[in-house]
Structures are given as structure tokens and as C-alpha cells.
Visitor: 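This is the structure, below, for whatever I ask next.
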Amino acid sequence: MHHPVAIIGAGLGGLTLARVLHVRGIKAAVFDLDASPTARTQGGLLDIHLDSGQEALRAAGLHDGFRRLVMPGGQATRVLDRDAVVRFEDADDGTGGRPEVDRGALRDLLLHSLPEGTVRWGAKVTGARALGEGRHEVRLEDGSAFTTDLLVGADGAWSRIRPLLSAARPAYTGVSFVETDLPDADVRHPVSAAVVGGGFLLALGAGKGFLAHREPDGGLHVYTALRVAEGWADGIDFGDTEVAKERVLEHFADWDKSLRALVADADGPLVPRLIHALPVGHRWDRVPGVTLLGDAAHLMSPFAGEGANLAMLDGAELGLALAAHPGGREAALAAYEEKLFPRSAAAAADSARSATALFAEDAPRAVVDLFTARP
Ligand SMILES: Cc1cc2nc3c(=O)[nH]c(=O)nc-3n(C[C@H](O)[C@H](O)[C@H](O)COP(=O)(O)OP(=O)(O)OC[C@H]3O[C@@H](n4cnc5c(N)ncnc54)[C@H](O)[C@@H]3O)c2cc1C
């Protein structure tokens, strides 16, 4: 089997690329390891930035569809200290450049904009090898293989395509998250609903904090963040929710009860998530016929809220470059990477700086200063 263009990964980045190519008459095949589009909950809210994610959606001809998904009031932001004292507050007056949308709804918008059958589900790529002159053979877990003239690794943090270009591997950033949910918050968890407010909450102290969103369905999604050793989560039995809650809350013994409730009152399991990043400034020399986008190219900590936005912008820019260089694959890839590398290096440095500010000894001071200084 041969595919002229093969995109590995049906995340926001890979789908944006497929869509931008589709509307310019270029066919691409997308492969994803998930068994179906509904195999995994996409969860969480994303703020989509004017100059990156929204720019990409315009190139994809989907900006109007995106506007219909925006959660009113979702850009409201508040910063609290560990005593739950509000140190910064910004209401959403509808004029901000970072509207919030549900990640799953955004992915569905992209997915449904592609011709039926574009995404091959249940297709886990195990590796790829160069065949010469920029062609590659890609192997799948089911033992099958295909060849392609253009291979794009849009397969996220643990990309199977990245080794064709670079020996870099993501490293632990020193921060672990534990995710919790409080559904139907106004009715079932009014104290937590009040502390989070209408949009995004940051409650911060030295080396730890809570990052929480109000979701479009009225639930609260909470990331408890801790500066801990890489093996910390392995030492906790997350199968026993009550014990896991106690172990997480040990770190917040002297925090206000309304903030501790974001974990104590959560429904369902606690989900640990280690935060990894590629080295800031990760790049590679041009290798014929293959490139990367999104997290595969520049995995960074989520503290600048850029990862999904950049993945979409990468996808759009790669699509536009390929459409602008018909028959000139290498020129298109070089033009794409020339802009990709400095853009992602700047965002990765920004994310790393934000992580330092968020979890500083005197947190939330630096974060309050940052928000206050914003125009
Ligand atoms: C807790 C958290 C909060 C975040 N919050 C934000 C935020 O507010 N704003 C923001 O902009 N970013 C945020 N991010 C970052 C954002 O989620 C990522 O940067 C973004 O999803 C990257 O998109 P992608 O398309 O590159 O990769 P992904 O979304 O990871 O998609 C990769 C796809 O590839 C598939 N895949 C993986 N391996 C294979 C394989 N071997 N074979 C076939 N398919 C494969 C996967 O199934 C997946 O569908 C956050 C990240 C985390 C962890």
C-alpha cells in the first residue's frame, strides 16, 4: 500500500494539517492508535489564541464553526493564595483574544470536516525506516506496512517518527499533576464552584497549587500540581481513591478548606499525570521526506497554554507550505521548519519561565505581577 502523504496522529495538529491540505485539493491519510474517535475522552478546556490556534482555524476554513463552540465567560481568571484570598481577578467581558472551547468539540469540528475514511483508527505505528529519495516505509502493530512520499509525525509526546530526525527524548519537568472532577458543581459542590468562579482558577503556594476550570457542562476540572520527584505517583495506590486523596492532601495540610475540597470532594478516580518536556530549542537537520509537528516536535509543559495552539498552527503552516510548493516537497518542508524552530523555542522558553513563576517560593506573587502587567 502506498500513500503520497501520511500523517501519523489524529490529534489537533494532525487533523488541522489534513484539513488544510484537503481544502487545497491535497489528499492525506491519517493514522491513529485509538480504536475509534470516541475511544478516549478528550476532556478539558483549551483557550484558543488569536495569533496561533485561531489563525490555523482560519486557514482551515473553520473559524466560524469554532466561534459557535466558544464557552461564554470562560476567559475569566482568578489567582488565589493558599488562604483562598483573591490576589488577582479578571472578568470575561467577551473582548479577550483567548476564548475557551471544549477540546473534544474542537477535535470533532476538525474530524467532521474531513472526507469519510481519512482517519484510519486502530492503526498504531511501531516504527518507520527510510527507503531513499525521501520515501519511507511505516510499520503498524498489526504487522502491516505502507510506503509514503511524505511522512509527518503528529503523534505527540512519545512520537515513533521523531527518531528518524532526532535523538531527543522528553524529560520529566519536576512537576506532577493529579486530575480530579467535580460534576454539576453549582448544585453538588457549591463551595468549590464559588472558589473556582466562572472560568479559570490558579491557587498557588510554594512548589504546589491547584489549576481549575469550569467546564461547559457545569462541572469543574481540577489539576492539582506538585513539585515532586519523578517516582512520587508510583508510590501511591490510585486504585484506592480515598487513600490517594489523603496522600495528595498531605501536601496541602495548611491550605484553606475550600481549596482542599477540590480534591477531597471530587467524584471518580484521581488520575496522576507526569509533566514532561523536550529540551527548549529542540530542532533537527533536514531529512528528506519526513517532518514533525505539535508535541512530537516541541513537547513543552502546559504552563503557557500554548501546546495545542502551536500544534494547530504547525499543521496549518505545513499544509500551506506544501500547497505553495507543488512538486517541491523539500522546499516546502524547509520553509515550514525555518519558521517552526524559532517559534517553538520561544514558546518552550516561555512555558519553562511560567513554571518557575507558578511554583516559586513566594507564589503567587510573580503570577499576580504577570497578570497585572498584561495590557
Ligand atoms: C494537563 C495538560 C493541560 C494542557 N492544557 C493546554 C492548554 O490549556 N492549552 C494548550 O494550548 N495546550 C495545552 N496542553 C498541551 C496540549 O494538550 C498538547 O500540546 C496538544 O494536544 C498537542 O497536540 P498534538 O496534535 O501535537 O498531539 P496529541 O494531542 O498528543 O495527539 C497525538 C495523536 O497521536 C496518536 N498517536 C500517538 N502515538 C501514536 C502511534 N504510535 N501510532 C498512531 N497514533 C499515535 C494519539 O492517539 C493522538 O491522537 C495541555 C497538556 C496537558 C498535559
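Just follow the structure's listing: the first ligand is 1, and inside any ligand the first atom is 1. Both backbone and side-chain heavy atoms feed into the values below; hydrogens, waters and symmetry mates do not.
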Visitor: Identify which of L211, D32, I161 has a heavy atom lying nearest to atom 33 (C) of ligand 1.
Guide: D32
Visitor: Could you tell me which atoms of ligand 1, counted from 1 in the order shown, lie closer than 4.0 angstrom to a heavy atom of N309?
Guide: 11 (O)
Visitor: Quick one: does ligand 1 sit under 4.0 Å from the side chain of W158, the backbone, both or neither, non-hydrogen atoms only?
Guide: neither
Visitor: Look at the rings of F88 and F371 and say which category their plane angle falls in: under 30° parallel, 30 to 60° tilted, over 60° perpendicular.
Guide: parallel
Visitor: State whether R82 and D254 are salt-bridged, where the test is any N-O pair (Lys NZ or Arg NE/NH1/NH2 against Asp/Glu carboxylate O) under 4.0 Å.
Guide: yes
Visitor: Go through ligand 1 atom by atom and flag the ones less than 4.0 Å from a non-hydrogen atom of G11.
Guide: 25 (O), 31 (O), 33 (C), 49 (O)
Visitor: Does only the side chain of R103 get under 4.0 Å from ligand 1, or the backbone, or both, or neither? Count heavy atoms.
Guide: side chain
Visitor: Quick one: sort the F252 and W255 rings into parallel, tilted or perpendicular, breaks at 30° and 60°.
Guide: perpendicular
Visitor: At a 4.0 Å threshold, what atoms of ligand 1 neighbour a non-hydrogen atom of G294?
Guide: 26 (O)
Visitor: Would you mind listing which atoms of ligand 1 come within a distance below 4.0 Å of any non-hydrogen atom of G13?
Guide: 25 (O)
Visitor: Hey, is H49 one of the residues with a heavy atom under 4.0 angstrom from ligand 1?
Guide: no
Visitor: Once the angle between the rings of W232 and F238 is folded into 0 to 90°, is it parallel (under 30°), tilted (30 to 60°) or perpendicular (over 60°)?
Guide: perpendicular
Visitor: Which residue and atom name correspond to the protein heavy atom nearest atom 30 (O) of ligand 1, and how close is it?
Guide: G156 CA, 3.8 Å
Visitor: Do any N/O atoms on G14 end up under 3.5 angstrom from N/O atoms on ligand 1?
Guide: no
Visitor: Which residue supplies the protein heavy atom nearest to atom 41 (N) of ligand 1, what is that atom called, and how far is it?
Guide: V125 O, 3.0 Å
Visitor: Keeping T77 on the side-chain end and F200 on the backbone end, is there a donor-acceptor pair under 3.5 Å?
Guide: no
Visitor: Under 4.0 angstrom from ligand 1, any heavy atom of A297?
Guide: no
Visitor: With backbone taken as N, CA, C and O and side chain as the heavy atoms from C-beta onward, which portion of A154 lies under 4.0 Å from ligand 1: side chain, backbone, both, or neither?
Guide: backbone
Visitor: Is there side-chain contact between R162 and L278, with heavy atoms separated by less than 4.5 Å?
Guide: yes
Visitor: Going by atom types only, do Q54 and H49 share a side-chain donor-acceptor pair under 3.5 Å?
Guide: no
Visitor: Quick one: CG on L17 to CD1 on I7, what's the gap to the nearest 0.5 Å?
Guide: 3.5 Å
Visitor: Which of the numbered atoms in ligand 1 are below 4.0 angstrom from a heavy atom of K124?
Guide: 42 (N)
Visitor: Out of curiosity, L21 CG to L320 CG, how far, rounded to the nearest 0.5 Å?
Guide: 9.0 Å
Visitor: For ligand 1, which part of E179 has a heavy atom less than 4.0 Å away: the side chain, the backbone, both, or neither?
Guide: neither
Visitor: What is the nearest protein non-hydrogen atom to atom 7 (C) of ligand 1, stated with its residue, atom name and distance?
Guide: L46 CD2, 3.4 Å
Visitor: Does the gap between the ring centers of F210 and F177 come in under 6.0 Å?
Guide: no
Visitor: To the nearest 0.1 Å, how far is atom 1 (C) of ligand 1 from its closest protein heavy atom, and which atom is that?
Guide: Y223 CE2, 3.4 Å
Visitor: Which of the atoms of ligand 1 are close to G305, meaning less than 4.0 Å from one of its heavy atoms?
Guide: 9 (N), 10 (C), 11 (O)
Visitor: Below 4.0 angstrom from a heavy atom of F177, which ligand 1 atoms are there? Numbered from 1 as shown, please.
Guide: 1 (C)
Visitor: Note the single closest protein heavy atom to atom 34 (O) of ligand 1, along with its residue, its atom name and the distance in Å.
Guide: G9 CA, 3.3 Å
Visitor: State which residue, out of L182, L262, V195, fulfils the side chain to side chain contact (heavy atoms under 4.5 Å, CB included) condition with H189.
Guide: L182
Visitor: Test of understanding: given a 4.0 Å heavy-atom threshold, classify the contact between A311 and ligand 1 as side chain, backbone, both, or neither.
Guide: side chain
Visitor: Under 3.5 Å between any N/O of L33 and any N/O of ligand 1: does that happen in this structure?
Guide: yes
Visitor: Which residue owns the protein heavy atom closest to atom 50 (C) of ligand 1, what's the atom, and how far is it?
Guide: P302 CB, 3.7 Å
Visitor: For ligand 1, is any non-hydrogen atom under 4.0 Å from A157's backbone (N, CA, C, O), its side chain (CB onward), both, or neither?
Guide: neither
Visitor: Look at atom 18 (C) of ligand 1 and say which protein heavy atom is nearest, naming residue and atom and giving the distance to 0.1 Å.
Guide: D295 OD2, 3.3 Å
Visitor: Could you tell me whether R67 and D64 make a salt bridge, using a distance below 4.0 angstrom between a side-chain N and a carboxylate O?
Guide: no
Visitor: If you measure from each non-hydrogen atom of L12 to ligand 1, which part falls under 4.0 Å: side chain, backbone, both or neither?
Guide: backbone
Visitor: Starting from atom 37 (C) of ligand 1, what is the nearest protein heavy atom, named by residue and atom, and what distance separates them?
Guide: D155 O, 3.3 Å
Visitor: Considering only heavy atoms of R273, which atoms of ligand 1 have at least one such atom less than 4.0 Å away?
Guide: 1 (C), 53 (C)
Visitor: Please lay out, stage by stage, how T148 and H2 fare under the test side-chain hydrogen bond (donor to acceptor under 3.5 Å, both in side chains).
Guide: CA-CA 6 Å; T148 181; H2 182 78; 5.8 Å; no
Visitor: Which of these, E338, E317, E55, sits in a salt bridge (charged side-chain N to carboxylate O under 4.0 Å, His left out) with R343?
Guide: E317
